[in-house]
Amino acid sequence: MTLHATIDRVTDRIRARSASSRSAYLAKIARAAEEGPRRAHLSCGNQAHAYAAMPDKDDLATSRKPNIGIVTAYNDMLSAHQPYERYPDLIRQAAHAAGATAQVAGGVPAMCDGVTQGRPGMELSLFSRDVIALASGVALTHDVFDAALYLGVCDKIVPGLIIAAGTFGHIPAVFVPAGPMPSGLPNDEKSKVRQQFATGEVGREALMAAEMASYHAPGTCTFYGTANTNQMLMEFMGLHLPGSSFVNPNTPLREALTGAAVARAAAITRLGNDYLPAGEVLDERAFVNGIVGLMATGGSTNLVLHLPAMARAAGVILDLEDFHDLSETVPLMARVYPNGLADVNHFHAAGGLGFMIGQLLEAGLLHPDVKTITGGGLEQYASEPKLRDGRVEWVEGARDSLNDRILRPASDPFAPTGGLKQLSGNLGRGVIKVSAVAPERHVIEAPARVFSDQEDVKAAFKRGEFTQDTIVVVRFQGPKANGMPELHSLTPTLAVLQDRGLRVALVTDGRMSGASGKVPAAIHISPEATDGGPLARLRDGDLLRLDAVEGTLTCLEPDFLDRPAVQHDPSRSAEGLGRELFAAFRAHVGPATEGAAVVV
């Protein structure tokens with residue numbers, strides 16, 4: 001199938017925009033690769049330190065077997081990462097079988113946005129992505145690895161690991177998922193109980209029971225938020241093995257896929273004939289494919305922040321216009337909560353990513369000729385893994401959806417576009433996701449209520465102050481102000497107001513969760529209020545217009561831009577729960593439109 005003209009045009013635009021930075025990047029990783037296997041350049045003393053604890057130290061010291069570095073986000077407080085506890089042993093065994101060795105190079109932090117929602121710790125969440133990249137860099141700096149396995153799932157972990165994989169782009173990289181937990185309490189029932197709690201209809205005991213029935217086992221949360229969007233992205237970008245993202249933890253197929261990932265990492269080092277540095281996989285076509293997957297699945301808006309930072313680490317420059325133009329072209333093919341009632345297990349059973357990739361390739365909406373860890377192009381990812389006699393074999397994936405309420409072909413989608421819109425106007429530049437928003441709510445014109453903290457919004461709600469159509473503005477939530485926390489805890493409050501018949505929307509320079517949906521939310525507004533952005537000039541009662549159809553975000557008051565900007569009071573976010581440690585991050589972070597990053 002001929003590549004769609006918009007996919008071609010956007011890719012060419014990114015390629016031209018990135019010409020200088022990408023050329024410099026490729027030259028950098030080529031210089032690093034030219035030195036050959038890294039361990040050969042270490043002194044005997046250096047190597048002895050690196051191998052001292054290893055049972056196969058003689059292999060490491062005297063043979064040319066590939067040595068695979070494991071960068072792991074394991075901890076047993078996060079359900080998504082708890083399965084990684086057993087992976088190092090599995091990986092070492094699989095490496096030995098593949099004629100290689102493996103070592104845990106280092107661990108990276110993995111915080112949970114689900115635990116920190118609405119709490120001060122959420123102000124460290126976005127910056128944890130940069131810390132993960134830095135921690136991965138420390139692990140790989142020992143310079144004794146011929147390939148790297150990256151073990152991570154959730155919101156900031158995969159983006160941070162990709163930044164590291166791009167920075168160490170001369171080292172082959174294979175990403176190894178852990179899989180989603182089995183289905184529990186349906187997500188829509190959980191959401192209903194949350195709203196009932198917000199209105200006082202049920203108590204905390206009922207809320208706790210619902211939450212525990214939803215989040216109940218090892219594995220990723222089953223809704224289609226940022227964590228599962230990350231897993232989709234790794235397949236669309238060719239960094240997972242095909243069909244591996246949504247296989248449940250602690251199953252024979254899951255373990256066999258992990259072993260196959262190790263064997264593949266061992267095969268693509270510079271010591272063999274199939275050398276595949278990570279930097280060659282992470283080109284502009286791979287990132288375009290990732291954005292196409294984001295739109296087709298209705299994925300998390302957090303990736304609009306992460307992908308520009310991830311791409312920059314590989315010398316590729318993305319812009320909001322790229323997301324907008326691809327969203328206008330790519331059909332929405334999936335309905336997974338919060339965009340529907342199904343969870344990712346239902347999505348996977350209906351045909352999953354293999355079906356979608358096959359459909360999008362046939363429609364000319366994906367680059368087929370990319371480099372992937374399989375050694376082939378993206379067509380390999382239209383297959384699915386099966387376990388035969390203890391080994392993984394890939395067979396043709398689903399050609400038809402097994403449930404058209406969850407998954408539809410590109411020719412008969414749920415919507416003709418991906419539902420992500422770029423917004424611009426005199427309030428700044430940002431994005432809105434409308435795939436779960438009713439069409440009659442795509443345009444909201446209403447007076448503003450202006451807040452500087454999400455807790456103040458909840459307090460006003462409890463006092464009964466929202467009695468008319470309202471656009472809730474929560475400013476001073478950008479990366480420089482307080483680390484750009486998600487404001488997901490506002491979702492039940494705003495949903496209740498909407499269910500009461502009010503026309504409501506959110507405007508913020510902060511983030512919303514990948515699990516948010518039905519209330520229109522203009523997010524990532526840049527420049528942020530702390531930088532004197534337009535949100536700092538708003539007052540209660542200003543008439544605002546959020547128009548997701550035309551892609552505009554406007555204050556309709558004629559004197560609006562002539563007002564002095566309200567100054568941010570940083571004291572609320574300056575200390576407590578480690579926020580002191582991130583003052584330098586807040587001072588040096590880039591704008592949301594460029595990924596809100598510190599290290600790239």
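What you see is a predicted model; the values in this text were computed from it and never measured. Basis for what follows: all heavy atoms, side chains included, without hydrogens, waters or symmetry-related copies.
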Heavy-atom pair with the smallest gap, counting every atom of [X] and [Y]:
X	Y	result
A102	R92	O-CG, 3.6 Å
M181	Y215	SD-CA, 4.0 Å
P83	G219	CG-N, 4.1 Å
D130	V599	OD2-N, 3.1 Å

Nearest 0.5 angstrom please: T269 OG1 to F145 CZ, how far?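 Reported value, rounded in 0.5 Å steps: 13.5 Å.
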Between [X] and [Y], what is the ring plane arrangement, given parallel below 30°, perpendicular above 60°, and tilted in between?
X	Y	answer
Y87	Y84	perpendicular
F347	F246	perpendicular
F585	F127	perpendicular

Which residue in the set D113, T226, N302 passes side-chain hydrogen bond (donor to acceptor under 3.5 Å, both in side chains) when paired with R511?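 It is N302, the one option of D113, T226, N302 that forms the side-chain hydrogen bond (donor to acceptor under 3.5 Å, both in side chains) with R511.
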Polar side chain donor-acceptor pair, N67 to Q103, under 3.5 angstrom: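 On atom types as modelled, these side chains qualify, holding a pair under 3.5 Å.
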Under a 3.5 Å cutoff, is there a donor and acceptor pairing between the side chains of N230 and D155?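 There is no such pair (donor and acceptor under 3.5 Å, judged by atom type) between the side chains of N230 and D155.
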Hey, mind stepping through Q82 and N75 against side-chain hydrogen bond (donor to acceptor under 3.5 Å, both in side chains) and telling me if it holds? CA-CA 6 Å; Q82 187 274 341; N75 66 51; over 6 Å; no
